[in-house]
Asker: 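First the structure, then my questions, so here it is.
All values reported here derive from a predicted model rather than from experimental measurement. Every chain is numbered from 1 and lettered A, B, ... according to where its sequence line falls, protein lines coming before strand lines.
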Amino acid sequence: MATFKDFRNNVKPNWCPGCGDFSIQAAIQRAAANVGLEPESLAVISGIGCSGRISGYINAYGLHGIHGRALPIAQGVKLANRELTVIASGGDGDGFAIGMGHTVHAIRRNLDITYIVMDNQIYGLTKGQTSPRSAEGFKTKSTPEGSIESTLSPLEIAMSAGATFVAQSFSSDLKQLTSLIEAGLNHKGFSLINVFSPCVTFNKVNTYDWFKENIVNLEQFPDYDSSNRVAAMNKIMETNGLLTGLIYQNKERKPYEELVSGFRPEGLANQDIQLSREDFEKLVAEFK
Amino acid sequence: MISQLSWKIGGQQGEGVESTDRIFSTALNRLGYYLYGYRHFSSRIKGGHTNNKIRISTKPMRAISDDLDILVAFDQETIDLNAYELRTGGVVVADAKFNPTLPEGIDARLFPVPITSIAEDLGTSLMKNMVASGASWALLGLPLEVFNKAVEEEFGRKGPAIVEKNVEAVKRGADFVLELAGGPLEDFRLEEADGKQKLFTIGNENIGLGCVAAGARLMAAYPITPASEIMEYLIKKLPKFGGTVVQTEDEIAAVTMAIGANYAGVRTLTASAGPGLALMMEAIGLAGMTETPLVIVDTQRGGPSTGLPTKQEQSDLNAMVYGTHGEIPKVVIAPASIEDCFYDTIEAFNVAEQYQVPVIIMTDLQLSLGKQSCEALDYDQIKIERGKLVKDAPPLEDNKLFKRYEFTEDGISPRVLPGEKYGLHHVTGVEHDQEGRPSENSVNRLKMMDKRLNKLNNLYIRDGLRIDAPHETPDLLIVGMGSTGGTIDEARLRLEKDGLSTNHITVRQIHPFPTEQLTPYLEKAKQVLVIENNATAQLASQIKMHAGYGEKIRNLLKYDGNPFLPSDVYKACKELN
């Protein structure tokens, strides 16, 4: 059995000291061990940005792709070998700006992938421009007079796209975050876990203290039913999206892999690909 | 008796033009004739003129003919638009419903047949296609029982009553026209074919079959003309072999999903046309940089932008060769026949895995969609080569990572798949070291760039050039690519009769360019004519850049949306000499 240490490697992240991404990395490592994964059975597929580097900081198979495309790459990996556990990860720019189209469709498709977004409401690696998650009026290098576009609500979008697992957490709450990632890994289908991950260098508004003051933990509502879609949507709206915990889970809907006709439980990558003469002749005969 | 003729059916899109063509040609195929089809269609579903033309021959004939023998018209527009193609003494079979007339100056025989009313008498105007094809068949004096058998197969699953109605429609169409013409047309009587039924298919389906044979089990794609038949074929076939097709949200998702699946070990393709290829460019760079095998099919159509989406062109060559930022190794293979579409697809997957590079299969609309006879495909030529794929790698010392990008003599590194116990490594589009870790070290950078860019130094695919060079020093060397080969060869026959000696080379390995193999032929030819369906002579530019001989090279370019005709090539060659 692997422990969280087996998911560590000796690479020093290039994140700023105090960056929220460190705890997310730790939470992924702990959750992977807690659900019984081995490093070789995990593939972490990440996008581009500060957060996109995460696939290089976890001792597992990792692919650091191109900006905004972590999800289609991750879906390709899962389709090719469903025996692998696949985590996709990236920032809010990666998932909700350049890659938003893929996010919505990955949610609809519902392959068994855990998508962890490291949401800092700003573009960090390019040194401080606005993000779709930035608040209206937020001043950045690209919005010197303050952002005049409305703030995107990924949770509402996920719900309306038919998500089967929607959760949100805060990087300071390592315990909650770890348990939500575990729940996501155990969920059969696509899980979206949006994580507030403060950028200590470029975001002077949405700081650790700001989140502590403004977010609501769903544990405060003992009657909250995470299987109720309407309740979930209401709660997201009531809290203006500033809530943490498991917001919604649909355990009924089967993942894509189980709905594809002829798709076998073994990884496709491990199957014999030689076409038999008999099958070949049959296929050719259709052209007569 | 004649050895070949051309037949065309035209009408409004959605009116049964496709199905008339299908039934008529299926029956001809049963008799063993060689067929070569061309579809003229528009980017709409219902309405608008459309026509299908077939070349029928007792010998292999892979070109659209210059003229037309028989035109079947569902409307006057079909006659007005196509009558100029008819040869003197040609025939028009037209629906009597619209009181057809021939344009002035057209010397042809017109047979008005009440196509619609016969069909309606039998219950539905949908049977117009049967009446029209039956009339055509009868005029050629071909055996009706063979035609009826084709009808039976087309409608058999709908029950005997439907079959019977359709057979009746064929008979009435045939009887009517024979009465009018006084029997089959003696001057259109075809020599008997060899009686051996050929494969009868389109390039896109042969590519699909090639994928299954190559062991491809996943495809990710976004619908586009003229590529969609590949995904439509594979979604029917792949589930039987455990795989599937995913219709993605766009071509960027398609290509990156294919990259993810190839990385994880399943041979996976995507297919598109120019607009989709343009969207894939950044991802092609990722495949090149991460040395991930990838197969993309580009079925070229008229560009730029939306261009002529249902018309012939070969103008994506530069995009395929040069597209993506930075510098990566990449292979572009251009099938030049319906059989190539099958074999080259298998080779593309092998090359992609052996060299760990993106491979683009370049077709054009005519090759992808033109339905034609195909020689028997050989199972024994299917070989799956996966290159340096490592299974059960031995344990690594001191928890080190697997050297996925190890420096080797040929530049190709061992590759393991995720899931492999002792194969952990990192993959990134950032410049990286041998374990895949990001690295900005300049010594490593140079070595990695050279490693990747030199991988293809010795690549030469099967028939990278297809050479037909009967003359040591020909008057003219004709060079082409894609679907134009048959047209060029037909023109050459006429040129030889005129005493002009020609060699013909089809470039099938577009990139890396086979300079060394082509040079001796350029050297010996007195003149070189490069024929391509684009406006800027993209293939000729490759030849000049890599091999030189610019002073000998002339261009024949066509970019009006139509494939070359043998007469286009013949005229251009005559003008040179």
Asker: Could you check which of B/G243, B/C374, B/A258 has the highest count of heavy-atom pairs closer than 4.5 Å to chain A?
Answerer: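 When all of B/G243, B/C374, B/A258 are compared, B/G243 has the most.
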Asker: If you count the non-hydrogen atoms of other residues, nucleotides and ligands that lie under 6.0 Å from OH in B/Y405, is the total more than 12?
Answerer: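 Yes, OH of B/Y405 has more than 12 neighbouring heavy atoms, counting only those of other groups under 6.0 Å.
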Asker: How long is the span from the OG1 atom in B/T292 to the CD1 atom in A/I73, to the nearest 0.5 Å?
Answerer: 9.0 Å
Asker: With a 4.5 angstrom heavy-atom cut-off, could you sort out which part of A/A60 is near chain B: side chain, backbone, both or neither?
Answerer: backbone
Asker: Which heavy atom in A/A80 sits nearest to a heavy atom in B/A261, and how many Å separate them?
Answerer: CB-O, 3.5 Å
Asker: Name the member of B/T201, B/L238, B/L424, B/T428 that forms the most heavy-atom pairs with chain A at distances under 4.5 Å.
Answerer: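 Of B/T201, B/L238, B/L424, B/T428, B/L424 has the most heavy-atom pairs under 4.5 Å with chain A.
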Asker: With rounding to the nearest 0.5 Å, note down the distance linking NE2 in A/H64 to CG in B/L286.
Answerer: 10.0 Å
Asker: Measure A/V44 against the heavy atoms of chain B and call it side chain, backbone, both or neither at under 4.5 Å.
Answerer: neither
Asker: Are side-chain heavy atoms of A/H102 and B/T248 found at a separation under 4.5 Å?
Answerer: no
Asker: Tell me, for A/S41 versus chain B, whether the close heavy atoms (under 4.5 Å) come from the side chain, the backbone, both or neither.
Answerer: neither
Asker: So for B/R404, is it side chain, backbone, both, or neither that comes closer than 4.5 Å to the heavy atoms of chain A?
Answerer: neither
Asker: For the candidates B/D250, B/I259, B/N29, which exhibits the highest count of non-hydrogen atom pairs separated by less than 4.5 Å from chain A?
Answerer: B/D250
Asker: Can you tell which of A/R69, A/R108, A/R109 makes a salt bridge (charged side-chain N to carboxylate O under 4.0 Å, His left out) with B/E249?
Answerer: A/R109
Asker: Carefully, step by step, assess A/R53 and B/V430 under the rule side-chain contact (heavy atoms from CB on, under 4.5 Å).
Answerer: CA-CA 10 Å; A/R53 288 294 183 114; B/V430 174; 4.3 Å; yes
Asker: With a 4.5 angstrom heavy-atom cut-off, which part of B/Y263 approaches chain A: side chain, backbone, both or neither?
Answerer: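 Side chain only.
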Asker: Select one option (side chain, backbone, both, neither) describing which atoms of B/F402 are under 4.5 Å from chain A's heavy atoms.
Answerer: neither
Asker: Chain B heavy atoms under 4.5 Å from A/N9: which part of the residue, side chain, backbone, both or neither?
Answerer: side chain
Asker: I'd like to verify something: which residue of B/G215, B/G242, B/G429, B/P239 has the highest number of heavy-atom pairs under 4.5 Å with chain A?
Answerer: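 Ranked by heavy-atom pairs under 4.5 Å with chain A, first place is B/G242.
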Asker: OH of B/Y233 to CG of A/L283: how many Å apart, nearest 0.5 Å?
Answerer: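 Atom-to-atom, B/Y233:OH and A/L283:CG are 4.5 Å apart.
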Asker: Can you name the nearest heavy-atom pair linking B/A264 to A/A269, along with the distance?
Answerer: O-CB, 3.2 Å
Asker: Salt bridge check: are A/D279 and B/K240 linked by an N-O gap of less than 4.0 Å?
Answerer: no
Asker: Which atoms of B/A253 come close to chain A, meaning under 4.5 Å heavy atom to heavy atom: side chain ones, backbone ones, both, or neither?
Answerer: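 Contact with chain A is through both the backbone and side chain of B/A253.
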Asker: Indicate, with yes or no, if the rings of A/Y61 and B/H425 have centres closer together than 6.0 Å.
Answerer: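 Yes.
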Asker: Output the distance between atom CD1 (B/I384) and atom CG (A/D272), rounded to the nearest 0.5 Å.
Answerer: 8.0 Å
Asker: Quick check on B/A213 against chain A: is it the side chain, the backbone, both or neither that has a heavy atom closer than 4.5 Å?
Answerer: both
Asker: Using the side-chain contact (heavy atoms from CB on, under 4.5 Å) rule, take A/F280 and B/V212 through it: C-alpha gap first, then chi angles, then the decisive distance, then the call.
Answerer: CA-CA 9 Å; A/F280 175 74; B/V212 178; over 6 Å; no
Asker: Let me confirm one number: the CG-NE2 distance from A/N59 to B/H426, rounded to the nearest 0.5 Å.
Answerer: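 Here the interatomic distance stands at 11.5 Å.
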Asker: Report which part of B/A283 has an atom under 4.5 Å of a heavy atom belonging to chain A: side chain, backbone, both, or neither.
Answerer: both
Asker: Would you say B/R217's side chain and A/Q271's backbone share a donor-acceptor pair under 3.5 angstrom?
Answerer: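 No; judged by distance alone, with no hydrogens or angles, the pair does not exist.
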Asker: Under 4.5 Å, counting heavy-atom pairs only, tell me which of A/E281, A/K78, A/E286 racks up the most with chain B.
Answerer: A/E286
Asker: Please classify the contact between A/V284 and chain B as side chain, backbone, both or neither, with a heavy-atom cut-off of under 4.5 Å.
Answerer: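 Both parts, backbone and side chain.
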Asker: Regarding B/E153 and A/K288, does a basic nitrogen lie under 4.0 Å from an acidic carboxylate oxygen?
Answerer: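 No.
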Asker: Taking every heavy-atom pair that is under 4.5 Å apart, which of B/K198, B/K237, B/R30 has the most such pairs with chain A?
Answerer: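 Among B/K198, B/K237, B/R30, the one with the most close pairs to chain A is B/K237.
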Asker: Any sub-3.5 Å donor-acceptor pair from B/Y379's side-chain atoms to A/E278's backbone N or O?
Answerer: no
Asker: Do B/V266 and A/N81 pass the side-chain contact (heavy atoms from CB on, under 4.5 Å) test, and can you show the C-alpha distance, the side-chain angles, and the key distance before you say yes or no?
Answerer: CA-CA 8 Å; B/V266 173; A/N81 190 347; over 6 Å; no
Asker: Which value, rounded to the nearest 0.5 Å, describes the distance between B/I252 atom CD1 and A/I66 atom CD1?
Answerer: 7.5 Å
Asker: Are the side chains of A/L275 and B/F241 in contact, using a 4.5 Å heavy-atom criterion?
Answerer: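 Result yes, sub-4.5 Å side-chain heavy-atom pair found.
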Asker: Just so I understand: if I count every heavy-atom pair under 4.5 Å between each of B/V255, B/T244, B/L209 and chain A, which residue has the most?
Answerer: B/L209
Asker: Side chain from CB out, backbone as N, CA, C, O: work out which of these in A/L84 comes under 4.5 Å of a heavy atom of chain B, or both, or neither.
Answerer: side chain
